Amino acid sequence: ATYAAIVYEFSSGQLSSVAGLLGASVCALICQINPSTFGAGYTSIAFMQTTPVLNSLTQNIFSNDLTLTVTGLNFETVVASNSIEFFASTGASAVEGTVSTITLTVDNTQAVIDFTALTLANFGSLRARVGIPGFSTNTVWSTTVEVGTVVAEPPKLSPPPSANVTTNVVSLLCTGVGFDSVDPTTQNVLSFFVLDRN
């Protein structure tokens with residue numbers, strides 16, 4: 001008998017929710033001559049559900065930061081398949097974010113999180129966990145670990161696109177960072193100052 005080794009490289013996300021037995025068979029040149037021989041030597045391979053690992057980090061996270069970089073193992077290479085949950089030690093407003101990029105390295109996986117809700121009221125320890133799709137519809141979560149300390153920073157206004165505001169304007173769009181997105185009407189106060197009347 002002749003034995004050979006075949007290496008099959010799975011594409012990105014191909015095994016994202018596979019757990020259990022995966023059937024495999026090899027079709028050599030003889031299959032092209034006699035298709036009925038396909039499937040000879042069928043065998044099964046056991047696949048186990050992986051659990052993501054999030055590394056604990058000691059770093060300052062300023063309350064007006066837009067992104068956070070975390071590292072770990074067993075993240076999904078398909079960005080949208082990764083979930084992130086934050087647990088702040090202070091503040092009535094929840095910290096929220098979404099995974100925007102995934103970078104694979106030799107030792108671990110790096111993920112960049114875009115904050116969608118983070119305010120100075122969330123100062124203190126910030127813990128998080130990551131999740132990936134499970135075998136059925138369940139999400140498999142990592143252990144919750146500390147990913148940094150939120151340092152309270154005052155909100156900042158970005159320069160307006162136009163310096164001119166007419167006297168009959170009824171609304172004004174202000175952009176910046178560090179605003180409270182959970183309760184914007186009561187937690188954000190905007191003051192105006194007339195610097196030059198000429």
Side-chain angles (χ1 to χ4, degrees), residues 12-13 16 52 54-72 75-105 109-133 137-142 144-198:
S12 174
S16 61
L54 182 61
N55 295 333
S56 177
L57 298 172
T58 302
Q59 59 182 337
N60 285 335
I61 305 168
F62 295 98
S63 58
N64 55 15
D65 282 349
L66 300 178
T67 62
L68 171 68
T69 300
V70 298
T71 60
F75 297 172
E76 282 292 325
T77 54
V78 178
V79 174
S81 296
N82 296 276
S83 304
I84 183 81
E85 280 191 351
F86 289 106
F87 305 91
S89 58
T90 59
S93 302
V95 178
E96 299 177 357
T98 58
V99 179
S100 60
T101 61
I102 293 289
T103 303
L104 300 179
T105 64
T109 303
Q110 185 179 85
V112 176
I113 314 300
D114 289 342
F115 284 119
T116 56
L118 175 64
T119 72
L120 54 85
N122 300 126
F123 67 90
S125 173
L126 182 64
R127 303 169 71 232
R129 65 176 184 171
V130 295
I132 61 174
T137 57
N138 299 324
T139 299
V140 179
W141 293 98
S142 69
T144 302
V145 299
E146 184 170 352
V147 292
T149 300
V150 178
V151 179
E153 283 284 304
K156 296 180 180 179
L157 283 174
S158 300
S162 174
N164 297 323
V165 178
T166 60
T167 56
N168 61 352
V169 68
V170 295
S171 64
L172 180 65
L173 175 64
C174 296
T175 60
V177 294
F179 304 158
D180 192 307
S181 61
V182 178
D183 189 8
T185 57
T186 62
Q187 297 300 316
N188 298 295
V189 179
L190 186 62
S191 300
F192 294 96
F193 305 91
V194 178
L195 300 179
D196 188 356
R197 295 182 180 274
N198 297 325

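Keep in mind that this is a model prediction, so the values were computed, not measured. Positions are given from 1, in the same order as the sequence printed here. Side chains are part of it too, since the values below use all heavy atoms of this structure and drop only hydrogens, waters and symmetry mates.
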Checklist entry - Do the side chains of Leu68 and Ile61 get nearer than 4.5 Å, heavy atoms only? => result yes
Checklist outcome for this item: Distance col, row Phe75:CZ vs Ser142:OG, nearest 0.5 angstrom, shows 7.0 Å
Next on the checklist: Once salt bridge (charged side-chain N to carboxylate O under 4.0 Å, His left out) is applied, do any residues pair with Arg129, and if so which ones, sequence neighbours excluded?
Outcome noted: Glu85
Checklist entry - Is the closest side-chain heavy-atom distance between Ile113 and Thr67 below 4.5 Å? => result no
Next on the checklist: For the backbone of Thr90 and the side chain of Asn122, can you confirm whether one donor and one acceptor N or O come within less than 3.5 Å of each other?
Outcome noted: yes
Checklist entry - Does Val130 reach the side chain of Trp141, with side-chain heavy atoms less than 4.5 Å apart? => result no
Next on the checklist: Measuring from atom OG1 of Thr98 to atom CG of Asn82, what distance do you get when rounded to the nearest 0.5 angstrom?
Outcome noted: 11.0 Å
Item to check | Residue pair Gln110, Thr69: steps toward the side-chain contact (heavy atoms from CB on, under 4.5 Å) verdict | outcome: CA-CA 7 Å; Gln110 185 179 85; Thr69 300; 3.4 Å; yes
Checklist entry - Considering residues at least two apart in sequence or located in another chain, which fulfil the side chain to side chain contact (heavy atoms under 4.5 Å, CB included) criterion with Ser125? => result Ser89, Arg127, Glu146
Next on the checklist: Would you say that Leu57 contacts Val70 through its side chain, given a criterion of any heavy-atom pair below 4.5 Å between the two side chains?
Outcome noted: yes
Checklist outcome for this item: Between the OG atom in Ser63 and the CG atom in Leu118, the distance rounded to the nearest 0.5 Å is 6.0 Å
Checklist entry - Is the side chain of Thr139 donor-acceptor paired with the backbone N or O of Gly131 at a distance under 3.5 Å, no angle test? => result no
Checklist entry - Taking all atoms of both residues into account, what is the closest heavy-atom pair of Ala94 and Ala117, and its distance? => result O-CB, 3.6 Å
Item to check | 4.5 Å side-chain heavy-atom contact, Phe86 and Leu126 | outcome: yes
Checklist entry - Judged by atom type as modelled, is there a donor-acceptor pair below 3.5 Å linking the side chain of Thr149 to the main-chain atoms of Asn60? => result no
Checklist entry - Rounded to the nearest 0.5 Å, how far does CD of Glu96 lie from CD1 of Ile84? => result 12.0 Å
Next on the checklist: Quick check against the 3.5 Å criterion: does Gln59 have a side-chain atom that pairs as donor or acceptor with the backbone of Val147?
Outcome noted: yes
Checklist entry - Of all residues at least two apart in sequence or in a different chain, which pass the side chain to side chain contact (heavy atoms under 4.5 Å, CB included) check with Leu157? => result Cys174, Phe179, Leu190
Checklist entry - Is Thr103 close to Thr109 at the side-chain level, that is, under 4.5 Å between some pair of heavy atoms? => result no
Item to check | Exercise: identify the closest heavy-atom pair between Glu153 and Leu120 | outcome: O-CD2, 3.4 Å
